[in-house]
Structure formats: structure tokens, C-alpha cells
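So the structure is just underneath, and the comments pick up after that.
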2 protein chains.
Amino acid sequence: MKKKVNFEKLAHQPAYRVVSEKIRNAIVSGEIKTGELLPTEITLAEQFGVTRSTIREAIRLLEHGGILGRADRKRLVVTLPPTDTVGRSVSSALLMHQVTYEELWQVAMGLEPLASKLACTAATRKDKQLLAANLVHTCEVMDDHDALLDAEIEFHNLLAEATHNSALLLARAPLNELFYPVAWGAVIQALSPGERILVAHQHIYGAICENNPDKAEEWMKKHMLDFRRGIEMGNLGFDQPVKG
Amino acid sequence: MKKKVNFEKLAHQPAYRVVSEKIRNAIVSGEIKTGELLPTEITLAEQFGVTRSTIREAIRLLEHGGILGRADRKRLVVTLPPTDTVGRSVSSALLMHQVTYEELWQVAMGLEPLASKLACTAATRKDKQLLAANLVHTCEVMDDHDALLDAEIEFHNLLAEATHNSALLLARAPLNELFYPVAWGAVIQALSPGERILVAHQHIYGAICENNPDKAEEWMKKHMLDFRRGIEMGNLGFDQPVKG
DNA sequence: ATTGACACGTTGTCCGACAATGCGTCAGAA
DNA sequence: TTCTGACGCATTGTCGGACAACGTGTCAAT
């Protein structure tokens, strides 16, 4: 039997990565709280013992993830990454993976009924008010395809926010960004299913007000199936990759 | 009535952002295909008419999103962002949002049964082989808590991959990274529920082989509920924020 | 065929410099 | 007093150049 030495391949990380990781740790561990200003580039450079250029590259690494924002176009500030910022990087990943509408629909089928169910117990009065306002608005723009699409997307968004579950919000972010705008837009254009949408939304809203999770979940399922049928009737390439 | 001028606030984007966006567009639009090498920093600098430093900052912006990878520790190459890379940025966002185990569990309850169901129709022979191997391995390490945890996580991972749905994979990435390692780890430590885990996995695997989506979904639900009960029995702070 | 020496290309890091811009201070004008 | 403008300071954005570290290809020697 041959004796294998098998050294572990040593990972020489560039300095800007190391620095980036250190800063990231300091942030997520709460050492630097959200809202606080990041030290200036020069002080960071002195503390880490590297040059400003290196610090800047490290900062860029974090900036894209959304955990660093800009206070006033000068100093950097630690921020809670907004869901849409994070969602955007997920979205480009999905685009590159050539994700299909079918795949996104499957995920939506898992998350949206869940959101409806959870919203029943978690929604505050404020959330319900926003949903109600959205319903009214939907009635008004029933004939304007673009506005109807916006209202439809907003309804699902409000519903998700009503769960007060940030994990859920982030998980479904790509739906907002990639799926609904295109897919639902196509259905609305082709079939003008304004009333069907409104009826479903009303039932879901009703179920939330009655605090009836099962009903909310069921109606959302119906709603999503309806949507899918719309796509199939319109023959709109359900198994095609999403185009950004 | 006062006449309002209302200038649009002009957005002076730094050059490194503009460059970053241009490169990003070239990539997601397919102008540069995955696997191709990015031009060298110097040529990029010449083409955009900026200095290498600026180019480098622009590159860092993209590097974190995972759409740029390293071929051999030198030249940069356009890559499909691996799910775990994207998942990591989502995870830090969740950590900063102080997401609780409860919230993650809710999402898991939406996605994992769905994954089981979808895997029934989408799993290839190869996927099933991997799952089977995982079951065998689980039997072997039943008494080693750490190894059991790894096997458990791997099972859920293989299952998700067996759906061949990249949107689902990305949506559940944070579960792999934040939720299971800590939460399952705690349950396994406290209760040693090795057999219960194995039995559930076996039923799920069996359902996939029988092509029985409903059964697969049901058993996964049971499995997750079991898991939750474990946490509650262990009194492990289900409503606490996840600590990274 | 393997090894070693060497030049070359590319990235990582450093240094120093300057412009643009936001912010605080402070004196002067209405 | 309050508003305005001038001024300096701090910080970021961009530039240019420099060198070290390292992977790669070539070529000669063994």
C-alpha cells in the first residue's frame, strides 16, 4: 500500500478578501451596529496595515451585497440589506442558470400559499389596511393592463410582508423581480382576467380578516392554478427560460 | 398655484459602478458566455478609458455575486454563480435581519415538502443512487452526532438537487447554511433521534422510487414536524434570532 | 521524458497625488 | 437675528506608476 502524503492545498487568500471577511464578520456579529458609520478608508487602512486601494477593493466586495450603503454619497454606513437589493443578485444568478417559468412557478406554488396562511396569524391592522387599499385600487384600474399588473404584484408583495417573515420575503424576492412582471403581464395582456384576479384576492383578504388560514391557503392555491391555466391557454412558453 | 420646477435629482454614479454594470450586462445578456475568460485588467482599463484601479473595484463588485470566478488563481472567468455563493449573501442579509429559527422553519415547511414532491417526477437514476448511498452512510454513522448531522443535511440537499429546479435550490440555500447546521445539530445533540431521522428518510426515498409524490410530501411534512417537536422538547429557543 | 533556467504576462499590493464634494465654522450683509 | 457666502477640512473617487508574486510557455541540458 502506497503511503500518500496528501498535503492540504494551501489557500492563499488575497488581502482584500481577508479584509472583506473581517469587516463582514464585524458587521453580522453586531460589533458594528446597523446605522453606524464605517471608519474612513484611511483609518481602516492603518488598522489593517494595508493600503487604501486594498481597503477599497474589500469594501466593494461588501457593497454589492447591500450590507453597506451610502449615508450621503460620502461616508459608508452599515445598513440592513433591503430585500430587493439581495433579490437582484439572486435574480441575475437565476437568469444565468436559464431558469424556466415552470421552475419559478413551482417555487411560487410552494411559497405563496404559505404566505397566505402565515399572514392570517401575523398580519397587523396596518397590513390589512394596506391590503384593503390595494383591493380598492385594483377595482379602479381593472381595465388598464399595466396598472392592473402593478396592483396584482403589489398584492402578493403586501401579503408576503404581512407575514413579517424576512426569510420568506427574501426567498420569494426573485418571484417579484423575474416571474410576475413577465409571466403575469403576458396573461393579463392575453386574457384580461381582471375579475378572476380580483375575486381571488378578495377571498384571500377575507380569509385573513376572518383569521382562517386554511381558506387563505386554498384560495391562493386556486389563484396560482388559475394563473397557470392562463399561461397554458395563452400558449406562452411555460418551459422557456426567463429572459431578463 | 405655485409652479414647481421639481428637477429630477441627478444621480452621479461613480465610474466603478458604471463599469461594473456594463460588464454585468455583457455577462447576463450572454455577450460573454459562461466559461469565457474576462479580458485582462489592463485591456479593460484601456477599453473603458479608466485606470486599472477603477477596473479592479468594478470587478470586486461582481466577484462577490459569484458571476465571476477564478480560473487558476490568475485570470478571471465568467462562471455560473454556485448556489452556495449566492446563498451566502442571502444568509448574511438574514442574519442582520435577526431572522428567527421559527421564521426559517416556516420557510422550510413550505419548501422541503415541495422539494420531495417534485423530486418524485424529476429525479434521475443518478439522483436516486446518490440518495441511496446517503441512506447507507446514515446507517453507518448513526452514533456519531457530527457525521449524522452532515448526512442529514446532505440528504435534504440531494433531494433538492434531484428536483433540478435552480430556483428552488437558491430559495432554500439559507436553510442549508443557517438553519439546519445549528437547529438540527441541537436536536441531534439533545435527543439522539437517529432512528427517527433514518426512518423518515427511508420513507421519502421509497416514495420517490415508487413515484408517489403525495407520499413523499407527507413524509417530509412529518419529518419536519418531528424536527420541530424535537426543538420544542429540547427547549432550544425557537423564537430566538439565529446566531451566525 | 524529465528537469532546470529564464523571460513574459497577469494579478496583488503599494505609494503618492489631485479633483470633487459634503460639512462645519465664521465673518459679513439684509 | 437670520441668511448668505467664503474658507478650510475631511473624505471619497480617480489617476498614474511601480514592484513583487506567481502561473505559463519555451528551450536547452540531462
Side-chain angles (χ1 to χ4, degrees), chain A residues 2 5 7-24 26-27 32 34-79 85, chain B residues 2 5 7-24 26-27 32 34-79 85:
Chain A
K2 198 164 41 170
V5 199
F7 287 113
E8 57 188 82
K9 102 169 97 173
L10 45 88
H12 177 43
Q13 292 277 53
Y16 63 84
R17 265 180 215 242
V18 182
V19 172
S20 162
E21 268 310 298
K22 294 228 176 197
I23 298 181
R24 179 176 175 276
I27 291 179
I32 314 180
T34 57
E36 262 182 63
L37 288 168
L38 206 66
T40 68
E41 296 175 349
I42 301 183
T43 31
L44 284 174
E46 285 166 355
Q47 290 182 359
F48 284 108
V50 295
T51 33
R52 205 158 71 91
S53 321
T54 308
I55 292 291
R56 300 191 104 241
E57 296 192 35
I59 291 178
R60 297 303 157 253
L61 234 27
L62 301 175
E63 197 173 337
H64 192 258
I67 72 180
L68 288 181
R70 212 147 292 264
D72 47 21
R73 148 127 132 264
K74 277 295 184 197
R75 292 289 293 276
L76 279 170
V77 64
V78 179
T79 59
T85 300
Chain B
K2 197 164 41 168
V5 200
F7 287 113
E8 58 188 77
K9 108 168 92 171
L10 45 88
H12 176 41
Q13 293 277 48
Y16 63 84
R17 267 182 214 243
V18 182
V19 171
S20 162
E21 268 311 298
K22 294 228 176 197
I23 298 181
R24 180 176 173 279
I27 291 179
I32 313 180
T34 57
E36 263 181 62
L37 288 168
L38 207 65
T40 68
E41 297 176 349
I42 300 182
T43 38
L44 283 175
E46 286 167 354
Q47 290 181 0
F48 283 109
V50 294
T51 27
R52 203 157 72 91
S53 322
T54 308
I55 292 291
R56 299 192 105 239
E57 296 192 35
I59 290 178
R60 297 300 158 256
L61 236 25
L62 300 175
E63 197 172 339
H64 190 259
I67 72 180
L68 288 183
R70 215 147 290 266
D72 47 20
R73 149 126 131 262
K74 279 298 183 196
R75 291 288 293 276
L76 279 170
V77 63
V78 180
T79 60
T85 301

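Order of the sequence lines sets the chain letters (A, B, ...), proteins ahead of strands, with each chain counted from 1.
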Quiz item: Which nucleotide in the set D/dC15, C/dT13, D/dT14 lies at the smallest distance from any side-chain heavy atom of B/V50?
Solution: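 Minimum distance to the B/V50 side chain belongs to D/dC15.
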Practice problem: Go through residues 42-49 of chain B and report each residue with a non-hydrogen atom lying under 4.0 Å from DNA chain D, sorted by number. | Solution: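 When residues 42-49 of chain B is checked for heavy atoms under 4.0 Å from DNA chain D, the hits, listed by number, are B/G49.
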Please list, chain by chain and in numerical order, all residues satisfying side-chain contact (heavy atoms from CB on, under 4.5 Å) with [X], sequence neighbours excluded.
X     : value
B/R52 : B/E41, B/I42, B/R56
B/E36 : B/I32, B/K33
B/T54 : B/A15, B/Y16, B/V50, B/T51

Quiz item: Just to confirm, is there a sub-4.0 Å distance from OP1 or OP2 of D/dG13 to any side-chain nitrogen or oxygen of B/Y16?
Solution: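 Yes, within the criterion.
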Quiz item: Can you find a side chain N or O atom of A/R70 that sits less than 4.0 Å from OP1 or OP2 on D/dG13?
Solution: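 So the side chain of A/R70 is within the cut-off, an N or O lying under 4.0 Å from OP1 or OP2 of D/dG13.
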Flag side-chain contact, heavy atom, 4.5 Å: [X] against [Y]:
X     : Y     : value
B/T40 : B/R75 : yes
B/R70 : B/L76 : yes
B/L61 : B/I23 : no

Quiz item: Which angle, to the nearest 10 degrees, lies between the helix axes at the two ends of the helix from C/dA1-D/dT30 to C/dA30-D/dT1, each defined by five pairs?
Solution: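 Taking the rotation axis at each end, their angle is 10°.
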Within this structure, what is the [atom1]-to-[atom2] distance between [X] and [N], rounded to whole angstrom?
X     : N      : atom1 : atom2 : value
B/L76 : C/dG12 : CG    : C1'   : 12 Å
A/R75 : D/dA10 : CZ    : P     : 12 Å
A/H12 : C/dT13 : NE2   : C1'   : 10 Å
A/R17 : C/dT11 : CZ    : C1'   : 12 Å

Quiz prompt | Side-chain ion pair, A/R60 and A/E63, N-O less than 4.0 Å | solution =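 Here A/R60 pairs with A/E63 in a salt bridge, since their nearest N and O are under 4.0 Å apart.
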Quiz item: Given B/R24, which of B/L68, B/L62, B/V19 fulfils the side chain to side chain contact (heavy atoms under 4.5 Å, CB included) condition?
Solution: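 One option only clears the test, and that one is B/L62.
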Self-check item: Sorted by number, the residues of residues 52-62 of chain B with heavy-atom contact under 4.0 Å to DNA chain C
Solution: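 Within this stretch, B/R52, B/R56, B/R60 sit under 4.0 Å of the strand.
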Exercise. With heavy atoms under 4.0 Å as the rule, sort A/T40 into base, sugar-phosphate or nothing.
Key: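 Contact class for A/T40: sugar-phosphate only.
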